[in-house]
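This report concerns only the one structure given below.
In this chain, residues are counted from 1 in sequence order.
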Amino acid sequence: QVQLVESGGGLVQPGGSLRLSCAASGSILSINVMRWYRQTPGKERELVALIATGGSTNYADSVKGRFTISRDNAKNWSYLQMNSLKPEDTAVYYCQAGGIRTMRGVLEVWGQGTLVTVSS
C-alpha cells in the first residue's frame, strides 16, 4: 500500500557530506511527520531528526548544526543533508513516516535502511 525507500548512503570521508533521500509511494493523501533514525550494532535505534507537516523540526543533540532534515510534500519525499560527518555517524539510516493518511486509514511505515559509513 505504502512504501518508503531510502537512497544516498555510502562511504564518505570524515568531514564530508551526504544527502539521504526517502521516497514515499502509494495511495498517500498526506503525511504528518517524517523522521530519520539510525542504528549501529549493539545500540538502540536512535531518532536523528524529524520534520512535521508545517516544517517544524527536531534534531538529536549529536547532529545539531550538522544535519538538516527537509521534505517535499508534493512528492512525499524527505531528505537528510548530512555535513561535517564524523566516524560516529556511521550507521544504518532509516526513514520513517507517521500519520500517513490513505483511503484505507492512517499508517506508520519504515524504510529498509541505507548504510552510511564515515571512514578515511
Output side-chain donor-acceptor pairs under 3.5 Å for residues 68-76, partner residues at least two apart or in another chain, one line each.
residue: Arg71; atom: NE; partner: Asn73; partner atom: OD1; Å: 2.6
residue: Arg71; atom: NH1; partner: Asn32; partner atom: O; Å: 3.2
residue: Arg71; atom: NH1; partner: Ile51; partner atom: O; Å: 3.4
residue: Arg71; atom: NH1; partner: Ala52; partner atom: O; Å: 3.3
residue: Arg71; atom: NH2; partner: Ile31; partner atom: O; Å: 2.7
residue: Arg71; atom: NH2; partner: Asn73; partner atom: OD1; Å: 3.3
residue: Asp72; atom: OD1; partner: Ala74; partner atom: N; Å: 3.1
residue: Asp72; atom: OD1; partner: Lys75; partner atom: N; Å: 3.2

Inset, instruction - For residues Ser78 and Gln96, determine if any side-chain heavy atom of one lies less than 4.5 Å from a side-chain heavy atom of the other. - result: no
Inset, instruction - Give the intermediate values and the outcome of side-chain hydrogen bond (donor to acceptor under 3.5 Å, both in side chains) for residues Gln81 and Arg19. - result: CA-CA 4 Å; Gln81 179 67 47; Arg19 190 180 79 153; 4.9 Å; no
Inset, instruction - Would you list the pairs meeting disulfide bond (SG atoms under 2.5 Å apart) in which at least one residue belongs to residues 24-53, sequence neighbours left out? - result: none
Legend entry - Note, Tyr79 side chain near Leu20 side chain (heavy atom, < 4.5 Å): no
Legend entry - Heavy-atom side-chain contact between Tyr93 and Glu6 under 4.5 Å: no
Legend entry - CA sep, side-chain torsions, deciding dist, call: Ser62, Glu88, side-chain contact (heavy atoms from CB on, under 4.5 Å): CA-CA 10 Å; Ser62 58; Glu88 51 262 45; over 6 Å; no
Inset, instruction - Please answer whether the main-chain N or O of Gly105 pairs with a side-chain N or O of Thr102 as donor and acceptor at a distance below 3.5 Å. - result: yes
Legend entry - same_hphob_cluster(Tyr94, Val5) at 4.5 Å side-chain heavy-atom cutoff: no
Inset, instruction - Could you list the residues that satisfy salt bridge (Lys or Arg N to Asp or Glu O under 4.0 Å) with Glu108, not counting sequence neighbours? - result: none
Legend entry - Salt-bridge criterion met for Asp89 and Lys86 (N-O under 4.0 Å): no
Inset, instruction - Just grab all the disulfide bond (SG atoms under 2.5 Å apart) pairs involving residues 48-87, residues at least two apart or on different chains. - result: none
Legend entry - Same cluster (ILVMFWY, side-chain, under 4.5 Å), Trp77 and Val33: no
Legend entry - Distance-minimising heavy-atom pair for Ser17 and Asn83: OG-OD1, 2.9 Å
Inset, instruction - Let me see the working for Leu18 and Val116 under side-chain contact (heavy atoms from CB on, under 4.5 Å), right down to the final yes or no. - result: CA-CA 9 Å; Leu18 284 175; Val116 173; 3.9 Å; yes
Legend entry - Remaining members of the apolar cluster that contains Leu11, side-chain heavy atoms under 4.5 Å: none
Legend entry - Contact check, side chains of Met103 and Ser27, non-hydrogen atoms, under 4.5 Å: no
Inset, instruction - Please answer whether the main-chain N or O of Leu50 pairs with a side-chain N or O of Arg35 as donor and acceptor at a distance below 3.5 Å. - result: no
Legend entry - Nearest-0.5 Å distance, CE of residue Met34 to CD1 of residue Ile100: 7.0 Å
Inset, instruction - Could you tell me the separation between the CZ atom of Phe67 and the CE atom of Met82, rounded to the nearest 0.5 Å? - result: 5.5 Å
Inset, instruction - Check whether any side-chain heavy atom of Pro87 lies under 4.5 Å from a side-chain heavy atom of Pro14, and answer yes or no. - result: yes
Inset, instruction - For Glu44, look at atom CD and say whether over 12 heavy atoms of other residues, nucleotides or ligands are found less than 6.0 Å away. - result: no
Legend entry - side-chain contact (heavy atoms from CB on, under 4.5 Å) between Val2 and Ile28, worked out: CA-CA 7 Å; Val2 176; Ile28 299 169; 3.9 Å; yes
Legend entry - Common cluster, Tyr59/Trp36, ILVMFWY with side-chain heavy-atom separation under 4.5 Å: yes
Legend entry - CZ-OG1 distance between Arg38 and Thr114, expressed to the nearest 0.5 angstrom: 14.0 Å
Inset, instruction - Dump the intermediate steps for side-chain hydrogen bond (donor to acceptor under 3.5 Å, both in side chains) on Arg101 and Ser30, then the final yes or no. - result: CA-CA 5 Å; Arg101 289 204 303 125; Ser30 64; 3.0 Å; yes
Inset, instruction - Group every Ile, Leu, Val, Met, Phe, Trp and Tyr by side-chain heavy-atom contacts under 4.5 Å, then state whether Leu85 and Val92 land in the same group. - result: no
Legend entry - Atom pair CG/CD of Leu115 and Gln39 - distance to nearest 0.5 Å: 12.0 Å
Inset, instruction - State whether Trp110 and Arg45 meet the cation-pi test: NZ (Lys) or CZ (Arg) under 6.0 Å from the six-membered ring centroid, and within 45° of the perpendicular axis. - result: yes
Legend entry - Over 12 foreign heavy atoms within 6.0 Å of CD, Gln112: yes
Inset, instruction - Enumerate the residue pairs fulfilling disulfide bond (SG atoms under 2.5 Å apart) with a member in residues 10-83, sequence neighbours excluded, ordered by first and then second residue. - result: Cys22-Cys95
